[in-house]
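One structure is given here, and the rest of the page talks about it.
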Amino acid sequence: MNIEWTSDLAIGVTEIDEQHKEIFRRFDRLLTACNEGKGNEEVLKLLLFLEDYVKEHFTAEEELQKRSDYPDYPAHKSQHVSFMANVDKLTRSFRDEGATLPLVIQTNRTLADWLIQHIKRVDTAFARYLREQKAS
């Protein structure tokens with residue numbers, strides 16, 4: 001599994017794009033560690049990073065949505081809440097069970113799928129809305 005930041009993921013808001021890139025960099029560290037057989041050591045680091053950094057990122061994104069009167073804000077925020085619940089569940093599993101191979105695999109799948117799909121669908125829709133607002 002390989003995921004990487006590409007320009008088609010940019011939403012055109014520098015702060016948000018830079019935060020997305022940092023999340024990709026951190027996730028890449030986990031994937032690299034997994035490929036080297038060291039994924040167990042990196043899972044908790046990534047999950048703890050996500051607990052803090054993603055909250056900060058989501059707050060910035062949601063504030064921008066509120067300031068711009070984004071009509072899909074409630075649905076977007078709901079996805080953020082759901083993702084954080086998934087991260088919390090993975091973190092609890094890690095703390096309860098340790099970094100088992102199934103947990104490492106589940107973490108990889110959950111994060112990769114969500115990260116790409118959320119940015120490509122939901123964040124891109126928000127970016128489109130921002131561009132339309134600027135144009136009008």
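What you see below is based on every heavy atom in this structure, not just the backbone, and it leaves out hydrogens, waters and symmetry mates.
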**Request:** Return the minimal non-hydrogen interatomic distance between Phe27 and Leu111, and the atom names on each side.
**Result:** CE1-CB, 3.3 Å

**Prompt:** Linking I/L/V/M/F/W/Y whenever their side-chain heavy atoms sit closer than 4.5 Å, directly or via other members, would Met84 and Ile16 fall into one cluster?
**Reply:** no

**Request:** Answer yes or no: is there an ion pair linking Lys21 with Asp17, defined by an N-O contact shorter than 4.0 Å?
**Result:** no

**Item:** Gap separating the CD atom of Gln117 from the CG atom of Asp123, nearest 0.5 angstrom
**Value:** 12.0 Å

**Complete:** Correct closest heavy-atom pair for Tyr129 and Ser68 would be OH-O, 2.7 Å

**Item:** Atom of Asp8, atom of Lys120 and distance for their closest heavy-atom approach
**Value:** OD2-CE, 3.6 Å

**Complete:** What one should report as the nearest heavy-atom pair of Leu130 and Leu64 is CD1-CD2, 4.0 Å

**Message:** How close do Phe24 and Trp5 get, counting heavy atoms only, and between which atoms?
**Reply:** CD2-N, 3.5 Å

**Message:** Parallel, tilted or perpendicular: which one describes the rings of His80 and His118, with boundaries at 30° and 60°?
**Reply:** tilted

**Side-chain H-bond candidate by donor/acceptor type, His76 with Gln65, under 3.5 Å** = yes

**Item:** Residue pair Gln19 / Tyr53, side-chain heavy-atom distance below 4.5 Å
**Value:** yes

**Message:** Tell me the closest heavy-atom pair linking Ile119 and Leu9, and the distance in Å.
**Reply:** CG2-O, 3.4 Å

**Item:** Qualifying residues under side chain to side chain contact (heavy atoms under 4.5 Å, CB included), relative to Glu132, sequence neighbours excluded
**Value:** Arg128

**Message:** Distance check, rounded to the nearest 0.5 Å: Glu97 atom CD versus Arg92 atom CZ?
**Reply:** 11.0 Å

**Prompt:** Under a single-linkage definition using a 4.5 Å side-chain heavy-atom cutoff for Ile, Leu, Val, Met, Phe, Trp and Tyr, are Val54 and Val13 assigned to the same hydrophobic cluster?
**Reply:** no

**Contacts of His20 that satisfy ring-ring contact (aromatic ring centres under 6.0 Å, His included) - sequence neighbours left out** = His57

**Request:** Report yes or no: do Ile23 and Leu90 belong to one cluster of Ile/Leu/Val/Met/Phe/Trp/Tyr joined by side chain heavy-atom distances under 4.5 Å?
**Result:** yes

**Item:** Lys89: salt bridge (charged side-chain N to carboxylate O under 4.0 Å, His left out) partners, not counting sequence neighbours
**Value:** none

**Item:** Contact list for residues 63-75, test salt bridge (charged side-chain N to carboxylate O under 4.0 Å, His left out), sequence neighbours left out
**Value:** Glu63-Lys66

**Item:** Thr32 vs Arg29, side chain to side chain contact (heavy atoms under 4.5 Å, CB included): CA-CA, chis, key distance, verdict
**Value:** CA-CA 5 Å; Thr32 299; Arg29 286 184 198 166; 5.7 Å; no

**Asked** Going from CD1 on Ile116 to CG on Asp113, what distance comes out if it is rounded to the nearest 0.5 angstrom?
**Response** 9.0 Å

**Message:** Can a donor-acceptor pair be found, under 3.5 Å and without considering hydrogens, that links the side chain of Thr91 to the backbone of Val87?
**Reply:** yes

**Asked** Distance from Ser93 atom OG to Arg95 atom CZ, nearest 0.5 Å?
**Response** 11.5 Å

**Item:** Residues forming a ring-ring contact (aromatic ring centres under 6.0 Å, His included) with Phe126, sequence neighbours excluded
**Value:** Tyr70

**Message:** Could you check whether Glu22 pairs with Arg26 (Lys NZ or Arg NE/NH1/NH2 to Asp/Glu carboxylate O, under 4.0 Å)?
**Reply:** yes

**Asked** With the 4.5 Å side-chain cut-off for hydrophobic clustering, are Trp114 and Ile11 part of the same group?
**Response** no

**Message:** For Tyr73, give me all partners under ring-ring contact (aromatic ring centres under 6.0 Å, His included), at least two apart in sequence or on another chain.
**Reply:** none

